[in-house]
2 protein chains.
Amino acid sequence: MSTTNDAHREAMQQAQTEHREKMAQKTRADRGLVLIHTGDGKGKSSSAFGVVARALGWGQKVGIVQFIKGKWKTGEREFFARFPEIDWHTMGDGFTWDTQDKEQDTQAAMEAFAQACAMMSSGEYDLIVLDEINIALRYDYLDAAAVRDGLEGRAKQTSVILTGRDAKPSLMEYADLVTEMVEVKHPFQAGIKAQRGIDY
Amino acid sequence: MSTTNDAHREAMQQAQTEHREKMAQKTRADRGLVLIHTGDGKGKSSSAFGVVARALGWGQKVGIVQFIKGKWKTGEREFFARFPEIDWHTMGDGFTWDTQDKEQDTQAAMEAFAQACAMMSSGEYDLIVLDEINIALRYDYLDAAAVRDGLEGRAKQTSVILTGRDAKPSLMEYADLVTEMVEVKHPFQAGIKAQRGIDY
């Protein structure tokens, strides 16, 4: 038992040393990061909201612009609406297959993005979440080059998270961090309905 | 322009119809779900904390057991500690390569898991997060069969999220939902240090 423990200690010391060496080579980012959460799996928006919670824990100021107003986002909105450290903007009229009007959706998306750009360049925010903006890009409500310009124009200290499936390659190239959420197994596959508190 | 808009409307109506037909075939889960967030990418714990925020938004009761106490988790803990609807338990003495004592880590993990089992079976919680439990399993501090039994013994209404890379296959088989967070691009690759509010 103590041999096992010695071997374990040695392996852990090795891991610790490697970790410290790796960290010592890093430099601080000289500006806020751009993160993209994409993929077909769950957790793209949820993890952005988890980062929001983390930022609030550090007393940071947060902005959220929702490019799709789905009823399944109610739980988060109810919760985070309690916090004065968050500015929350939800665009127009809900999800595309409810409005079924491309011109109206494009107008709403462009207004929401103008709001996002003003927030990103203001210097007032540590973190801004552009929730489901990738969907607005996918439907061509927004132009990827314009979004890239908006990100590039962000204030030095502002990090931005873009969520939604089918992220544009040019934006993934621009981003500092891209995570793909992959659906390995989903209860919908087993015919189970979305659940309050878990899915929305 | 109006032709484009008509075509868009038709496509959206089609999508809406398909979505509604798909949803009509679903049934409500007769018990809380088991979710696993695994993979090498970011967002495993963050998205669990996003779901916690969502659950709190619905007035649900939440339990969190942290199997690894890393200093990078400070933001979330600071934030969620404000909420009386959350019971928060952090196991023993921090990350394995800091303690470097397998027996001590195993003891701490088993105590944390006993706490988790008591919470899961109590019927007092809508959602319980077993944060980084997959790491405790990976280092054999816990036995996968015992964890499966603990999950199976959960109260009917309690959903459980297990996080951490290298999730055990037997637990993924048991889970209702498994999401793999895949690292497509990471700022560490570009030599950038972890940032407060984003990474911890």
Side-chain angles (χ1 to χ4, degrees), chain A residues 4-5 8-9 12-13 15-16 19 25-29 33 37 41-43 45-51 53-58 60 74-76 78-80 96-97 100-103 126-127 159 172 175-188 191-193 195-198, chain B residues 4-5 8-9 12-13 15-16 19 25-29 33 37 41-43 45-51 53-58 60 75-76 78-80 96-97 100-103 126-127 159 172 175-188 190-193 195-198:
Chain A
T4 311
N5 212 22
H8 177 80
R9 179 173 296 138
M12 289 298 110
Q13 280 173 343
Q16 186 182 46
H19 179 74
Q25 290 163 8
K26 309 293 179 191
T27 54
R28 284 227 167 267
L33 302 176
H37 299 170
K42 279 179 70 72
S45 294
S46 298
S47 59
F49 287 111
V51 177
R54 185 177 297 156
L56 294 179
W58 289 112
Q60 297 183 349
T74 329
E76 291 93 316
E78 283 297 314
F79 179 71
F80 285 115
T96 53
W97 59 46
Q100 298 171 2
D101 183 329
K102 185 170 185 169
E103 286 166 28
D126 300 288
L127 173 67
S159 290
M172 291 200 278
D176 299 290
L177 181 144
V178 178
T179 306
E180 184 186 357
M181 277 63 176
V182 177
E183 181 179 301
V184 177
K185 186 178 183 183
H186 196 288
F188 282 16
I192 297 172
K193 270 195 176 160
Q195 294 198 319
R196 174 185 281 193
I198 293 290
Chain B
T4 311
N5 213 22
H8 178 79
R9 179 173 297 138
M12 288 298 111
Q13 280 172 343
Q16 186 182 46
H19 180 72
Q25 290 164 7
K26 308 292 180 192
T27 53
R28 286 226 166 272
L33 301 177
H37 299 171
K42 276 179 68 74
S45 294
S46 297
S47 59
F49 287 111
V51 177
R54 185 176 296 155
L56 295 179
W58 289 112
Q60 298 183 348
E76 292 94 314
E78 283 297 313
F79 179 71
F80 285 115
T96 53
W97 59 44
Q100 299 171 0
D101 184 327
K102 185 170 185 170
E103 284 166 31
D126 300 288
L127 174 67
S159 290
M172 291 201 277
D176 299 290
L177 183 145
V178 178
T179 306
E180 184 185 357
M181 278 63 175
V182 177
E183 181 178 299
V184 177
K185 186 178 183 183
H186 196 287
F188 281 16
I192 296 173
K193 269 196 177 161
Q195 293 199 319
R196 176 186 281 195
I198 293 289

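Sequence lines set the chain letters: A, B, ... in the order given, protein chains first and strands last, and positions in each chain run from 1.
- Nearest approach of Met181(B) to Lys42(A), heavy atoms of both residues: CE-O, 4.2 Å.
- Counting heavy-atom pairs closer than 4.5 Å to chain A, the top-ranked of the candidates Gly50(B), Ala55(B), Ala175(B) is Gly50(B).
- The structure places CD of Glu180(A) at 9.0 Å from CD of Glu180(B), a figure rounded to the nearest 0.5 Å.
- The two residues Trp58(B) and Gly75(A) have their closest heavy-atom pair at NE1-CA, 3.6 Å.
- Neither the backbone nor the side chain of Ala48(B) has a heavy atom closer than 4.5 Å to any heavy atom of chain A.
- For a residue to count as touching a neighbouring chain, one of its non-hydrogen atoms must lie under 4.5 Å from one of that chain's; by this rule Leu56(B) touches chain A with backbone and side chain alike.
- For the residue pair Arg54(B) and Ser46(A), the shortest heavy atom distance occurs at NH2-OG, 3.0 Å.
- Rounding to the nearest 0.5 Å gives a distance of 9.0 Å between NE2 of His37(B) and OG of Ser47(A).
- Side-chain contact between Lys185(B) and Asp176(A): absent, with no pair of heavy atoms (C-beta onward) separated by less than 4.5 Å.
- Of the two parts of Gln60(B), only the side chain, counted from C-beta on, holds a non-hydrogen atom closer than 4.5 Å to a non-hydrogen atom of chain A.
- Using a 4.5 Å cut-off between heavy atoms, Thr179(B) touches chain A through backbone and side chain atoms alike.
- Note on ring orientation: taking the six-membered ring where Trp is involved, the planes of Phe79(B) and Phe79(A) are perpendicular (angle over 60°, cut-offs 30° and 60°).
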